[in-house]
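Here the structure is laid out as structure tokens; the discussion comes afterwards.
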Protein chains: 2
Amino acid sequence: MVAALERFDKIEVASAYQLVADAIEREIMSGRMRPGDSVGTEAALCAQFGVNRSTVREAIRVLEQSGLVRRGADRRLYASLPRYSGLSSRISRALILHEVTFRELWATARVLEIAAAEQAAENADAAIIALLEANQAQAEAAQDDPARLSHLDTEFHQLLAKATRNRVLELAREPAGLLFFPTTELIVRRVPEGAGRLVAAHRHLIDALKAGDAAQAALWMSRHIADWRKGFERAGRDLDEPVERVYARSVLRPPY
Amino acid sequence: MVAALERFDKIEVASAYQLVADAIEREIMSGRMRPGDSVGTEAALCAQFGVNRSTVREAIRVLEQSGLVRRGADRRLYASLPRYSGLSSRISRALILHEVTFRELWATARVLEIAAAEQAAENADAAIIALLEANQAQAEAAQDDPARLSHLDTEFHQLLAKATRNRVLELAREPAGLLFFPTTELIVRRVPEGAGRLVAAHRHLIDALKAGDAAQAALWMSRHIADWRKGFERAGRDLDEPVERVYARSVLRPPY
DNA sequence: ACATTGACTTTGTCGGACAAAGGGACAAGC
DNA sequence: GCTTGTCCCTTTGTCCGACAAAGTCAATGT
């Protein structure tokens with residue numbers, strides 16, 4: 001039942017709402033429409049494209065979802081820069097559904113976090129270091145609260161990524177981080193010395209950033225990540241387990 | 001006109017189409033609905049949720065866009081695993097709009113590609129090496145065709161990432177790769193020895209994979225990426241330029 | 001000057017409608 | 001036996017018109 005010869009390309013007919021979405025997307029990607037610009041009311045778009053409002057609204061859902069368009073507080077439509085967080089959480093969801101293993105997660109987080117530590121040491125400014133210190137102070141006070149500590153750990157690494165001033169790296173590490181660091185809760189719950197080692201590592205990392213010492217930052221991040229792995233295994237878990245759907249919660253509803 | 005006291009949380013009213021989308025999303029994320037399962041017709045969903053078809057259709061656009069649901073060849077709705085490629089290209093678009101610089105791109109691609117080379121050396125199997133060899137044969141024959149060579153280079157690195165058998169890494173490197181490697185065209189156009197050095201580096205990488213030599217793979221990848229940077233600068237470009245929108249083409253319409 | 005009112009606009013949702021495309025069953029033709 | 005044409009039914013893509021809720025804005029009254 002297979003086509004005898006694959007001579008022709010699949011002919012693809014684009015539906016109206018797709019065409020509308022594409023048109024607006026091109027307008028934004030080309031720079032003719034800039035983030036913050038008003039896209040116009042639904043009625044106006046209907047008139048311009050000569051389609052029904054239902055069609056326009058479907059196109060808007062597509063654009064809204066890809067982050068190119070946003071509803072303002074006044075409910076009007078504005079062109080917008082896609083937010084990182086939305087993208088990251090969707091990738092994390094995809095990783096869960098693909099049932100990637102903790103080993104894959106760990107190996108990837110390892111290189112990304114070490115790189116982040118190095119680049120952060122080179123580029124961190126006082127403002128971001130202050131935020132890291134604030135995080136650290138809270139973490140030191142929360143060593144007996146696994147859930148809170150885990151949340152602070154996730155935040156610490158996000159701040160560290162921001163300190164790199166490398167938005168590509170910041171975005172690249174986020175999906176893995178979103179799945180990886182929440183497991184900290186499980187580890188500090190099962191491994192007594194886990195919390196102490198965590199805040200100690202964070203301490204050394206902050207100090208390395210302050211000193212602008214990339215090598216030291218990389219070293220302590222390396223230990224920090226190695227600790228995670230040891231803790232994970234001592235908690236009786238297997239690296240080759242797939243990441244559970246349980247983490248979908250923390251991904252679907254980002255921690256406020 | 002600020003609220004006197006912030007006693008209450010912002011009450012957020014979710015629109016019907018959002019609720020419908022969320023409900024279906026939860027069904028899929030929880031595993032109750034598995035990829036490939038039919039989601040049902042629009043009419044059926046209307047009946048189940050007790051909303052209008054327009055509302056259901058808007059919800060479907062949202063889910064379709066996030067890749068959780070797909071239209072089959074028969075136009076029916078099926079639950080689906082989000083494809084990597086769709087996600088990657090959207091991130092690349094976001095990076096373009098945020099006007100990230102080539103420096104950020106380079107620094108990130110560097111660590112990700114080196115990690116990919118190492119892990120590929122440890123995990124590559126014969127099948128994927130055969131694909132890399134095929135790519136290499138084409139590249140050697142296309143040294144005078146910058147556009148084609150650039151496309152093959154992008155593909156080479158994608159294959160290398162697949163060889164790692166680490167899907168998290170594979171996905172993490174893709175967005176940067178999608179923007180990074182197309183510049184190869186510009187470089188081999190301006191730098192005479194560029195093409196030769198590129199195929200030579202790929203050759204050494206394949207050999208390292210065959211030998212399972214992670215250190216050697218990392219070394220040659222490191223040189224390969226350093227070459228890119230040298231070529232980029234010799235082509236008269238500045239690393240601190242933002243990535244141009246020009247590349248939107250190659251991102252929006254993935255190379256088939 | 002400022003709060004209130006009321007008209008106007010825009011969005012979110014609904015109901016119903018129809019053409020086009022695909023699927024399935026069944027008969028006709030080679 | 002296999003393909004082809006035909007009819008019917010389902011489903012999707014699109015359109016039209018409608019209305020309540022919420023926001024905007026300008027005129028109003030004090």
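Reminder, nothing fancy here: chain letters follow the sequence lines and each chain counts from 1.
A:E104 and A:T101 share a donor-acceptor pair across their side chains, judged by distance under 3.5 Å alone.
In this structure, CG in A:L152 is found 4.5 Å from CZ in A:R148, a value given to the nearest 0.5 Å. Atoms CD1 and OG1, on B:I60 and B:T55 in that order, are 11.0 Å from each other to the nearest 0.5 Å.
Atom CD in A:Q18 sits roughly 15 Å away from atom C1' in D:dT12 (whole-Å rounding). Note: CD (A:E64) to C1' (C:dG12) measures 12 Å, nearest angstrom. Remark: P of D:dT14 and CZ of A:R61 are 16 Å apart, rounded to the nearest angstrom. Separating the CD atom of B:E42 from the C1' atom of C:dG16 is a distance of 15 Å, rounded to the nearest angstrom. For the pair B:L45 CG and D:dG13 P, the interatomic distance rounds to 13 Å; values are reported in whole Å. The distance from atom CZ of B:R71 to atom P of C:dG23 is 14 Å, rounded to the nearest whole Å. One can place CG of B:L77 at 10 Å from C1' of D:dT11, the figure rounded to the nearest angstrom. As a whole-Å value, the separation of B:Y17 OH from C:dT11 C1' is 10 Å.
Phosphate proximity of D:dT14 to A:N52: absent, as no side-chain N or O sits under 4.0 Å from OP1 or OP2. Neither OP1 nor OP2 of C:dG12 sits under 4.0 Å from any side-chain N or O of B:T55. A sub-4.0 Å separation between OP1 or OP2 of C:dA20 and a side-chain N or O of B:R75 is absent.
When distances run from any side-chain atom of A:S54 to the nucleotides C:dT13, D:dT14, D:dC16, the shortest one goes to D:dC16. The nucleotide whose nearest atom lies closest to any side-chain atom of B:R57 is, among C:dC14, D:dC16, D:dG13, D:dG13. Closest contact between the side chain of B:R76 and the listed nucleotides D:dG13, D:dT11, C:dG12 involves D:dT11.
In this structure, B:R53 reaches the bases: a heavy-atom distance under 4.0 Å links it to at least one base atom across the strands shown.
Between B:H157 and B:F180, the gap from one ring centroid to the other reaches at least 6.0 Å.
The environment of CZ in B:R165 is sparse: at most 12 heavy-atom neighbours from other residues, nucleotides or ligands sit within 6.0 Å.
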